[in-house]
Number of protein chains: 2
Amino acid sequence: MSERRPPTIKTVAARAGVGRTTVSRVLNGSELVSSEARTRVLEAIKELNYVPNSVARGLVTNRTEAVALVIPESESRLGSEPFFAALIRGVSGVLTETRTQLQLVLVRDESERDQLTSSIAARRVDGVLLVSVRAQERLAAMLEEMGLPTVLAGRRGEDERLSYVTSDNLGGATEAVAHLLRRGRGRVATITGSLDMDVGHTRLAGWRRAHEQAGLRADESLVEAGDFSEQGGRRAMRSLLERAPGLDAVFAASDLMAVGALAELRRRGRRVPDDVAVVGFEDSVLARHTNPPLSTVRQPVEEVGRTMARILLSEIAEADPERQQLTLPTELVVRDSS
Amino acid sequence: MSERRPPTIKTVAARAGVGRTTVSRVLNGSELVSSEARTRVLEAIKELNYVPNSVARGLVTNRTEAVALVIPESESRLGSEPFFAALIRGVSGVLTETRTQLQLVLVRDESERDQLTSSIAARRVDGVLLVSVRAQERLAAMLEEMGLPTVLAGRRGEDERLSYVTSDNLGGATEAVAHLLRRGRGRVATITGSLDMDVGHTRLAGWRRAHEQAGLRADESLVEAGDFSEQGGRRAMRSLLERAPGLDAVFAASDLMAVGALAELRRRGRRVPDDVAVVGFEDSVLARHTNPPLSTVRQPVEEVGRTMARILLSEIAEADPERQQLTLPTELVVRDSS
DNA sequence: CCGCGCGTTGGGAACGTTCCCACCCGGCGA
DNA sequence: TCGCCGGGTGGGAACGTTCCCAACGCGCGG
């Protein structure tokens, strides 16, 4: 049994007694082929177990039928994995419907980012999904310049020009803080995310806006910068407690930071929610399993992924697509920590 | 500014005043080119910002420089996401070193599996990584038959013929149960994983072996089948408590099931670890955040991913590779639940 | 009865690369 | 001086597909 080469379109054509072109037409669903020829071709395809070589096809169509999902690994390492898992699930679901491949790219550092650049230039993908971009993301700028279809999860800033999908960070944060204020908490602190990311910024803006809407003056000394990590949450909680021992609630811009905050509060003997109420953001699996279970803002992560994929596909399909920028609603989930 | 086509090897050749072949030789690091020609070519490449079209290259080399990582979504939905995240991280790390692309494939059901089949037949990838295979996994059988390089995470059974990497499920489970027995627990129950998967089977075997090694007879009525899910763990715990109210320890074949078991124990007013000790398997993020923190068996998941990738790459590179089957060591992590 | 048009068909060229092979040229040994 | 050898080079073919265009046959109207 020697190494058999897989059948090509020529083999099929010969078998069906037609020309290459006719087979190609059948494959691509053209109308211009007699039903007789069509059935003969389909038979031959089945008999030979023929599958068109997508690489060869890609060469002439200049399409790869693949998109890249780029995730900075620094983020995924921070343990917000459930976020990425849900996002991937959403993206993947939509892509498989259209038989588009998903190329997953974890970038660890600058050198890998450059490599990605050349991989994109090598026409390996038809479009790019970019996650958790910082304000000055070189890659996004480059994609924009190249004119390669691109959709961001989140935006670089308020004046974003690329297409993006984000959850309602402003609304969600506002609701969370308003909820704390409504429950009679008078000194609501906040632990922010990285402030060089729009999410970080916007959730902080929500904290401010909730105060404003309640007719209160937000006390800026109750703001402590975090970095979305558990460790960062713990550290931030510590300095908040030192600086403002009288605080009676904390809004953390991520569940993970809330977990860190909970740990620190417990260490200091503050009871949650009796002494200090805590609300997170994301509704990751973690939130259900903390002690006490964490109140948090649920993001429609999977839906964000689905939407991103749909937008990207349409940008790839259309000649001159217009940018789409969507904000999906969040939902406050009240558990026992507030 | 009209739509500019990217430069091809011909453009570069013309610019450098050499033939296509010489450029190709420089690109592929051939020795047979004068240093003078080489520098001229490299200059031209830089000036034109040329990147070889990988699709065209793939057509003639019959290589795509990409591998697929196939994950059954039913599993990932079960919340063992951290597992997949770590695995992906490991795989990705090794792949980027060799500039190999990672194609992520989430299969939800049989139809998507068939689609995957044809995508593989369409020569889109050079090899496949397959995660959490059931005993009779059609896909694995198909890959084996096609002769496409394949590496499994875990094995289908003890007589696996494909290459695989797995963590030491037998050793880890044995150690966990031995630890419980050593602490004087006399009636150690176990909640198994899905028994149509080798992991499920083998961890149960570890439970038996620990008893054996301690010179005890394992009481088979203390075995309850689970399915790796939290819900399954809860249900299993319930029937165990009804059937054997005197049990004083539980070894769950996954952290998630352990979490379910903890919830059920709490509901019934059993104290952990005072009344009943609990040990899980996996050391996911969850384990650190349960109440009380969960003792568990740590798997070197990221290392499993790295190893899988390395084996796959070598199988792709070599003409007639021999199968590699590796078992990586686990480690018992004792926290407060035991 | 001829020509036109339309539905159908298939061959040639092109996509951008690699590989095979033939060629060129200079040096060196006979 | 001639032939041979070997390093360096480049053109042609091939990879498997799609698209363009020419051609075919048939029916129908003039």
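Chain identifiers are assigned alphabetically (A, B, ...) following the order of the sequence lines, protein sequences preceding nucleic acid strands; residue numbering begins at 1 within each chain.
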Short side-chain N/O contact from N53(A) to OP1 or OP2 of dC15(D), under 4.0 Å: no
Interatomic spacing from CZ in R20(A) to CZ in R25(A) - rounded to 0.5 Å: 11.0 Å
Greater than 12 external heavy atoms within 6.0 Å of E158(B)'s CD: no
Closest listed nucleotide, where the reference is the side chain of V60(A) and the choices are dT18(C), dG10(D), dG16(D): dG16(D)
Nucleotide nearest R20(B) when distance is taken to its side chain, options dT17(D), dG7(C), dG12(D): dG12(D)
Sugar-phosphate, base or nothing in reach of T21(A), heavy atoms under 4.0 Å: base
Whole-Å distance separating the CG atom of L48(A) from the P atom of dG16(D): 14 Å
Sugar-phosphate only, base, or nothing, as touched by V55(B) at under 4.0 Å among non-hydrogen atoms: nothing
Value in whole Å for how far the C1' atom of dC15(D) lies from NZ of K10(A): 10 Å
Base of dG8(D) paired with side chain of R38(B) (donor-acceptor, under 3.5 Å): no
For atom CD1 of I9(A) and atom C1' of dG11(C), their distance in whole Å: 13 Å
Donor-acceptor contact below 3.5 Å, side chain E144(B) vs main chain R161(B): no
Nearest-neighbour nucleotide for the L32(A) side chain, dG7(C), dG16(D), dG10(C) considered: dG7(C)
Donor/acceptor link under 3.5 angstrom from R123(A) side chain onto base of dG16(C): no
Protein-nucleotide distance (R40(A), atom CZ; dT8(C), atom P), rounded to Å: 14 Å
Residue pair S54(B) / E65(B), side-chain donor-acceptor N/O under 3.5 Å: no
Phosphate OP1/OP2 of dT18(C) contacted by T61(B) side-chain N/O (<4.0 Å): no
Between P of dG10(C) and CZ of R25(A), the distance in whole Å: 8 Å
Rounded interatomic separation in angstrom, taking CD from E65(B) and C1' from dT18(C): 13 Å
Sugar-phosphate only, base, or nothing, as touched by A37(A) at under 4.0 Å among non-hydrogen atoms: sugar-phosphate
Atom pair CG (L95(A)) and CG (L312(A)), whose distance is rounded to the nearest 0.5 Å: 8.0 Å
Of the listed nucleotides dG16(C), dA13(C), dG10(D), the one nearest the side chain of R5(B): dG16(C)
Nearest-nucleotide 5' precedence on DNA chain C, L59(B) against E36(A): E36(A)
Pairwise 5' ranking along DNA chain D for G17(B) and Y50(A), keeping only the more 5' one: G17(B)
Non-hydrogen atoms of Q103(B) and R124(B) that approach each other most closely: OE1-O, 4.2 Å
Nearest listed nucleotide, side chain of S34(B), among dG8(D), dG16(D), dG10(D): dG8(D)
Spacing of E31(B) atom CD relative to dG8(D) atom P, expressed in whole Å: 9 Å
Sugar-phosphate, base or nothing in reach of N62(A), heavy atoms under 4.0 Å: nothing
